[in-house]
Every structure is written in structure tokens, then in C-alpha cells.
Amino acid sequence: MKIATFNVNGINGRLGLLLDWLAEAQPDAVCLQELKAPDEKFPAALLEKAGYGAVWHGQKSWNGVAILARGSEPVVTRRGLPGSPDDDQSRYIEAAVRGMLIGCLYLPNGNPAPGPKFDYKLRWLENLLLHAQDLLAAGVPAILAGDYNVMPTELDVYAPERWRDDALFRPEVRAAYARLVDQGWTDAVRQLHPEERIYTFWKYWRNAFERDAGLRIDHLLLSPSLAPHLTACGVDRTARARDHSSDHAAVWIELDDPIWR
DNA sequence: ATGTCGTTCGAGGAACGA
């Protein structure tokens, strides 16, 4: 079973790109972030035509997350993280897909730091950690995938010294990410490629992609029951290389158990 | 400090978030 995460940076503005990528990559399940579209403008019919059932949690202008499943309808288990009823930003959706629970998240950027946006990011992280702990306690096969807006280590940044004070790399957020992983989650890409420089995002500015001046901020975390089934992973750079692409590439993993095919 | 996008509002291009 192939599961991917892709920050599309505007689902309607990049619909052609998304459909091309789906046809080419053929993922079984996909987490999408930054839809930048309200619920009523989610292109469900076109995705259905492409063979994907979908659930979504939209928002006008900003944020917005969705989960796609090839040949089936994801069953929503929650929209928004528990413990944050006053959070009006659409950044989390969770659904059951083929016997596993998929949490799709778009963590706050948090810049400028320090400041209220950074505080919001830290609060959001703490809520995520609480929920992630509950998922592990429930013992279900689960995956938490999305745009974390966190580079976990120096290996995940093309120029660590320049990002030291950025909200995506500050010690507080790296520590929170490390605590999340320490709960028992497996960072899939790092598990298979512990030493390799792998990026998933490149700014639009200054030919960052061409220079490979990137960041690894899109992650797929696997619960203990899923981690042993991880067989492969990758970053799809071809879509990022196209004109008018998202600033993120899609990241995918492959799980081997026939139960999940 | 800079640069580049998508989106909104509202009718051209600025503001905002990333």
C-alpha cells in the first residue's frame, strides 16, 4: 500500500498538477494540505472521476486538509484536534482507510518567532502530542502524515545556521517533534535513509529548487504496528520541477502487508 | 533585507501568509 503526503498550496490552482501526479504515482491514500479552498469549492467530483474517494476540512484563503483513498471512501473520525475547540484553522483531519487510521495535518508555520503565531504553533504541537499519545494507547495501526513545518535535525536543512532562529527550526519545535517521535512513532523517511540529505520543500525564491536549497518538513510517522511493514519511500521531484508547481514535493511510503493492498 | 507565489477583495493592484 502506497501512502503519500502532498502540500498542494492551493488545490484548485494546482488541480491539473494534482491529477497528473495521482495518475502517475498511483498512491492508495493521500494526505493533502493547504487546500486554500472552502468546503464547497473542494473538487470532489473530479477526484472521484480520477478514482479517489475524499474527505476534507476546508477553509477560505488558507489552510485546509484532505484525505484521498483510491477506490474507496475514507471514513472520517475527526475534523480538528481534540482539546482545541476554539481553533478555527482547518489543520487536521483523520479518517479510517483500509483498516488503518490516517491523521492528515498541516502544522502552523509559526513565523515570526517569537510572537503570537509562534505561541500558537507550540500550543498546536502540544495538542498534537496529546492526541498522538492517545492513538498509540488505543493500539490502532496509525499514520500521522503532513506538513509539520519542522526540520527535525540539521541534516534536514540546506543551511542550518541560516534557519537557527526561524519558527521551523527553533529548538522548541525540534524538541517537540523529538518528543513526538519518542512516544513510539517512526519517521518513515529517516528510518530508511538515516544519513541522506532529503528535502521535501524548496522556496519559490532564488532558484531554490534548482540549487537544491531545500528543507525536509513533510513527514510520515508510523505507529509501532505499521513500522515493521515499511519497505520503501521517496520524494516525487518531477511535479515540483514543473512550472507553476507547489513549493512542496509529494512524499510517499510503501507498506508491504497484503492486508493493506 | 531580499525574493515568489496563491488567495482575497473587487475591479487594478495591494495586503497577507507562507
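Letters A, B, ... mirror the listed sequences (proteins, then strands); counts begin at 1. On a predicted model such as this, the values are computed, not experimentally measured, just so you know.
Atom P of B/dA1 sits at a distance of 26 Å from the matching atom of B/dG6, rounded to the whole Å. Atom name P, nucleotides B/dC5 and B/dG10: the rounded distance is 26 Å, in whole Å. Look at the P atom in both B/dT7 and B/dG3: the space between them is 22 Å, to the nearest Å.
Regarding A/R242, its CZ atom lies at a distance of 15 Å from the P atom of B/dC5, rounded to whole Å. Between the CZ atom of A/R14 and the P atom of B/dG6 there is a distance of 4 Å, rounded to whole Å. Rounded to whole angstrom, the span from the NE2 atom of A/H248 across to the C1' atom of B/dG6 amounts to 13 Å. Note: CH2 (A/W205) to C1' (B/dC5) measures 9 Å, nearest angstrom. Rounded to an integer number of Å, the gap from CG of A/L35 to P of B/dG6 is 15 Å. Following rounding to the nearest Å, A/R211 (CZ) and B/dT4 (P) show an atom-to-atom distance of 12 Å. Residue A/Q33 contributes atom CD, which lies 16 Å from atom C1' of B/dG17 at whole-angstrom precision. Atom CH2 of A/W62 and atom C1' of B/dT8 are 8 Å apart (whole Å).
Residue contacts shown for A/Y106 are limited to sugar-phosphate atoms, with no base heavy atom under 4.0 Å away. Within the 4.0 angstrom heavy-atom criterion, only backbone atoms of the sugar-phosphate kind lie near A/K60; the bases stay farther away.
Among the candidates A/R197, A/R237, A/K203, the single residue satisfying the salt bridge (charged side-chain N to carboxylate O under 4.0 Å, His left out) test with A/D212 is A/R237.
Remark: the A/T77 side chain and the A/E94 side chain contain an N/O donor-acceptor pair separated by less than 3.5 Å. If you check the side chains of A/Y204 and A/N9, you find a donor sitting under 3.5 Å from an acceptor.
Nucleotides of DNA chain B nearest to A/H244 and A/Q89 differ in position, and the one nearer the 5' end is that of A/H244. When each of A/N7 and A/K36 is assigned the nucleotide of DNA chain B with its nearest heavy atom, A/K36 is the one assigned upstream, toward the 5' end.
A donor-acceptor pair under 3.5 Å is absent between the side-chain atoms of A/R164 and the main chain of A/P171, judged by distance alone.
Contact annotation: A/R206 does not reach the phosphate of B/dT2 (side-chain N/O to OP1 or OP2, under 4.0 Å). Residue A/K203 has no polar side-chain atom (N or O) positioned under 4.0 Å from OP1 or OP2 of B/dG3.
When distances are taken from the side chain of A/S61 to each of B/dG6, B/dT7, B/dA18, the shortest belongs to B/dT7.
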Exercise for the section: Let me see the working for A/R216 and A/D187 under salt bridge (charged side-chain N to carboxylate O under 4.0 Å, His left out), right down to the final yes or no. Expected result: CA-CA 12 Å; A/R216 190 176 76 96; A/D187 181 334; 3.0 Å; yes
